[in-house]
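Here the structure is laid out as structure tokens; the discussion comes afterwards.
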Amino acid sequence: NAGVTQTPKFRVLKTGQSMTLLCAQDMNHEYMYWYRQDPGMGLRLIHYSVGEGTTAKGEVPDGYNVSRLKKQNFLLGLESAAPSQTSVYFCASRSSGIKEGEQYFGPGTRLTVT
Amino acid sequence: LAKTTQPISMDSYEGQEVNITCSHNNIATNDYITWYQQFPSQGPRFIIQGYKTKVTNEVASLFIPADRKSSTLSLPRVSLSDTAVYYCLVGDVRGSQGNLIFGKGTKLSVKP
């Protein structure tokens, strides 16, 4: 199993450009999450999904949109990138089964907005 | 949401036992305590989770007193590879899925 994968690993955008980050998991997990991590900080939840076709806002949702059209994929979109969105983005997933609270994280996407 | 307080940093030497304490005074009845480890340039990795008393796995032990207002992550005989940031999270993992808050964590430095 590949676990949780993220595409791309690195990206540089200019202010106002748009992009989509892709997260994929092959563990048949119901729940998926998008976080951002800024230098010296913990992770902050952007959006999450409790199942295919559902999404919900987290702690810092402004400027981002998400979609969960397929159970294994969770997309994070930036419609008009801003320098404040320069960060490392992590995707995570988890099962609704026995190990509740145990999230599996991807390797991250480092995004720079100039 | 239960707020957690951890030391910002800790130093240790190889072979020692490390205990990292997390305070969570307003923990709710349905809240669980979860610890994650994060290496530089990687995503966090689940270490251990518990509700009360003691939980042990192949990596660590988690001690939770009866009042559950704090918890202690114990790493036996650390090595250089245990140098990482450790996060304590408190939340109702069976309820709303958006309430697990990662604080700034504790940066553990293990020296030879």
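Protein chains get the first letters and strands the later ones, always in sequence-line order, with residue 1 at the start of each.
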Does atom [atom1] ([X]) have a neighbourhood of more than 12 heavy atoms from anything else shown, all under 6.0 Å?
{"X": "B:K107", "atom1": "NZ", "value": "no"}
{"X": "A:E79", "atom1": "CD", "value": "no"}
{"X": "B:Y51", "atom1": "OH", "value": "yes"}

Review point. What residues of residues 56-64 of chain B sit under 4.5 Å from chain A when only non-hydrogen atoms are counted?
Key: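 Not one residue of residues 56-64 of chain B has a heavy atom under 4.5 Å from chain A.
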**Study point:** Atom pair CD (A:E102) and CD1 (B:I47), whose distance is rounded to the nearest 0.5 Å
**Key:**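 So the gap between those two atoms works out to 11.0 Å.
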Point to revise | Set of residues satisfying side-chain contact (heavy atoms from CB on, under 4.5 Å) with respect to B:P76, sequence neighbours excluded | key: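 Counting only residues at least two positions away or on another chain, B:P76 forms no side-chain contact (heavy atoms from CB on, under 4.5 Å).
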Consider only side-chain heavy atoms of I, L, V, M, F, W and Y, link residues closer than 4.5 Å, and tell whether [X] and [Y] are in one cluster.
{"X": "A:Y64", "Y": "A:M32", "result": "yes"}
{"X": "B:I33", "Y": "B:Y86", "result": "yes"}
{"X": "A:W34", "Y": "A:Y104", "result": "no"}
{"X": "A:L76", "Y": "A:F105", "result": "no"}
{"X": "A:L21", "Y": "A:V4", "result": "no"}

Practice item. Identify the residues of residues 10-17 of chain A whose heavy atoms come closer than 4.5 Å to a heavy atom of chain B, ordered by number, or report 'none'. Key: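 Expected list: none.
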Review point. Hey, which of B:P44, B:G43, B:G105 has the most heavy atom pairs under 4.5 Å with chain A?
Key: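 Max contact count across the listed options: B:P44.
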Practice item. Decide yes or no for A:R110 and B:S41: does some side-chain heavy atom of the first lie under 4.5 Å from some side-chain heavy atom of the second? Key: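 Of all side-chain heavy-atom pairs linking B:S41 with A:R110, at least one is under 4.5 Å.
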Donor-acceptor list for residues 37-46 of chain A side chains, cut-off 3.5 Å, not counting sequence neighbours:
| from | atom 1 | to | atom 2 | distance (Å) |
| --- | --- | --- | --- | --- |
| A:Q37 | OE1 | B:Q38 | NE2 | 2.9 |
| A:Q37 | NE2 | A:M41 | O | 3.0 |
| A:Q37 | NE2 | B:Q38 | OE1 | 3.0 |
| A:Q37 | NE2 | B:Y87 | OH | 3.0 |
| A:D38 | OD1 | A:R36 | NH2 | 2.9 |
| A:D38 | OD1 | A:S87 | OG | 2.9 |
| A:D38 | OD2 | A:R36 | NE | 3.4 |
| A:D38 | OD2 | A:R36 | NH2 | 3.4 |
| A:D38 | OD2 | A:R44 | NH2 | 2.6 |

